[in-house]
> 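Can you keep this structure in mind? I'll have questions shortly.
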Protein chains: 2
Amino acid sequence: MKYCSDCGQQVNQRVPAGDDHLRWVCDNCGRVHYQNPLPVVGCVPEKDGKILLCKRAIEPRYGYWTVPAGFMELGESIAAGAARETREEACAEVEIGHLFACVDVIDAGQIHLFFTAKLISDFSVGTESLDVQLFSEADIPWDEIAFHSGRYALKKYFEDRGRNNGVHIHELRRAKS
Amino acid sequence: MKYCSDCGQQVNQRVPAGDDHLRWVCDNCGRVHYQNPLPVVGCVPEKDGKILLCKRAIEPRYGYWTVPAGFMELGESIAAGAARETREEACAEVEIGHLFACVDVIDAGQIHLFFTAKLISDFSVGTESLDVQLFSEADIPWDEIAFHSGRYALKKYFEDRGRNNGVHIHELRRAKS
């Protein structure tokens with residue numbers, strides 16, 4: 001961040017009065033530009049014991065497999081966001097279940113929230129995907145999963161065996177993906 | 001948003017190629033300025049069956065009571081954020097428990113995440129609070145709770161009676177508070 005999005009003047013980094021964090025501050029109009037982690041929402045769509053994965057057609061991790069997930073949009077709920085991502089990446093409709101995993105991706109400034117889901121439609125390859133397939137647990141391509149957060153979600157999903165055991169929380173301190 | 005935070009030129013709102021949402025786009029440097037919901041993290045600190053609430057010394061909802069909660073900061077986990085907010089608002093240390101409530105505050109562009117917590121220290125009035133007190137369930141000032149999300153969290157907290165029943169999810173479409 002170099003310029004104020006409100007007035008276009010240069011911003012400076014300092015600790016505002018009454019604060020204890022460095023912020024980008026505009027000394028022209030006074031606006032403090034807070035920066036916060038962003039929510040990523042996804043789901044693990046299941047049908048007949050198999051899981052729907054998407055092979056990424058975009059960077060990062062082009063060509064690797066992932067559960068449907070992406071940045072939450074303004075105006076939607078976390079559950080609606082997870083369903084929308086599935087629609088976009090796999091042209092599939094899901095019935096969202098319960099929230100079961102949350103990964104703090106500290107260095108990326110993101111929190112990843114994962115739901116269980118039932119696949120309730122056909123599927124096909126969305127524009128952000130190279131391929132979309134159903135995998136049995138034994139066939140999950142663990143070494144080709146795009147992100148640590150998605151791998152964590154898949155592992156916990158299988159451990160839960162359909163039960164709602166609350167939210168498994170995991171902290172990623174280094175961006176290893 | 002009026003100006004590009006990267007180059008200082010005016011931004012325009014349009015749907016970028018390959019996208020289906022209106023975005024603020026800089027036609028000078030090409031940067032797309034995505035806007036996403038922000039996570040708010042909080043907890044319900046309990047000690048001897050009583051809940052720690054803070055009376056707000058800041059707007060919005062000056063003078064109303066709330067569980068400790070606030071915007072998550074970069075570099076921290078959701079659990080660490082909830083503990084930090086408790087430290088700031090109530091000068092208190094907590095042992096964070098499990099995630100039990102998530103409220104989509106759609107019109108504010110926020111998701112509110114609440115943990116159970118054990119109060120493990122003394123407490124006093126933080127700079128953002130007018131007062132901090134422990135309340136038994138019967139004494140919770142329900143009509144003076146600052147936000148719908150916090151009221152929802154408190155209600156679900158008492159309903160759970162200490163059990164981890166997973167995450168209660170609630171969607172707020174209109175900013176009523």
Side-chain angles (χ1 to χ4, degrees), chain A residues 1-11 18 20-22 24 26 33-41 58 71-81 84 88 96-100 102-111 113 115 127-128 163-173, chain B residues 1-11 18 20-22 24 26 33-41 58 71-81 84 88 96-100 102-111 113 115 127-128 163-173:
Chain A
M1 175 167 289
K2 291 180 190 166
Y3 298 92
C4 176
S5 52
D6 278 9
C7 76
Q9 298 303 299
Q10 283 195 37
V11 290
D20 56 3
H21 282 73
L22 268 180
W24 289 107
C26 177
H33 296 278
Y34 296 97
Q35 293 179 306
N36 307 88
L38 297 181
V40 165
V41 288
I58 51 174
F71 285 104
M72 191 182 173
E73 298 280 0
L74 289 174
E76 71 185 7
S77 65
I78 56 171
R84 175 187 50 72
E88 289 176 4
I96 294 291
H98 64 272
L99 189 65
F100 78 98
C102 173
V103 182
D104 291 291
V105 191
I106 305 279
D107 297 323
Q110 297 172 5
I111 59 171
L113 299 166
F115 286 90
T127 54
E128 296 176 6
R163 283 206 50 193
N164 183 348
N165 292 317
V167 176
H168 304 281
I169 295 185
H170 186 57
E171 192 173 311
L172 283 177
R173 277 268 160 199
Chain B
M1 175 167 290
K2 292 180 189 165
Y3 298 92
C4 176
S5 53
D6 279 9
C7 77
Q9 298 303 300
Q10 284 195 37
V11 290
D20 56 2
H21 281 73
L22 268 180
W24 289 107
C26 177
H33 296 278
Y34 297 96
Q35 292 179 307
N36 307 88
L38 297 181
V40 165
V41 288
I58 52 174
F71 286 103
M72 191 181 173
E73 298 280 0
L74 290 173
E76 71 186 5
S77 65
I78 54 171
R84 175 187 49 72
E88 290 177 3
I96 293 291
H98 64 272
L99 189 65
F100 79 98
C102 174
V103 181
D104 291 292
V105 190
I106 306 279
D107 297 323
Q110 297 172 6
I111 58 172
L113 299 166
F115 286 91
T127 54
E128 295 177 6
R163 284 206 51 193
N164 184 349
N165 292 319
V167 176
H168 304 281
I169 296 185
H170 186 57
E171 191 173 311
L172 283 177
R173 276 268 158 197

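Sequence lines set the chain letters: A, B, ... in the order given, protein chains first and strands last, and positions in each chain run from 1.
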> Could you report the tightest heavy-atom contact between A:Ile78 and B:Cys102, atom names first, then the distance?
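Nearest pair, atom of A:Ile78 first, then B:Cys102: CD1-SG, 3.4 Å.
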> Looking at A:Gln9, A:Glu73, A:Gln35, which one has more heavy-atom pairs under 4.5 Å with chain B than the rest?
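Heavy-atom pair counts peak at A:Glu73.
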> Heavy-atom pairs under 4.5 Å with chain B: which of A:Ile111, A:Val103, A:Val11, A:Asp20 has the most?
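The option with the most such pairs is A:Ile111.
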> Between A:Gly109, A:Cys4, A:Pro39, A:Gly18, which has the largest tally of heavy atom pairs under 4.5 Å with chain B?
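Sorted descending by pairs with chain B, the first entry is A:Pro39.
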> For chain B, find which of A:His33, A:Glu88, A:Glu76, A:His21 contributes the most heavy-atom pairs closer than 4.5 angstrom.
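Among A:His33, A:Glu88, A:Glu76, A:His21, the one with the most close pairs to chain B is A:His21.
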> Would you mind telling me which of B:Gly75, B:Ala79, B:Gly8, B:Ala80 has the largest number of heavy-atom pairs within less than 4.5 Å of chain A?
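Among B:Gly75, B:Ala79, B:Gly8, B:Ala80, the one with the most close pairs to chain A is B:Gly8.
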> At their closest point, which heavy atom of A:Phe115 faces which heavy atom of B:Ile169, and how far apart are they?
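Taking A:Phe115 first and B:Ile169 second, the nearest heavy atoms are CE2-CD1, 3.5 Å.
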> Would you please name every residue forming a side chain to side chain contact (heavy atoms under 4.5 Å, CB included) with A:Ile106, sequence neighbours left out?
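Result, side chain to side chain contact (heavy atoms under 4.5 Å, CB included) vs A:Ile106: A:Asp104, A:Glu171, A:Arg173, B:Ser77.
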> Is B:Asn164 close to chain A through its backbone or its side chain, or both, or neither, when contacts mean heavy atoms under 4.5 Å?
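Interface part for B:Asn164: side chain.
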> How close do B:Phe71 and A:Asn36 get, heavy atom to heavy atom, and via which atoms?
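Shortest heavy-atom contact: CB-ND2, 3.7 Å.
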> Based on non-hydrogen pairs under 4.5 Å, which of B:Met1, B:Gln110, B:Met72 is most in contact with chain A?
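Top count of heavy-atom pairs under 4.5 Å with chain A: B:Met72.
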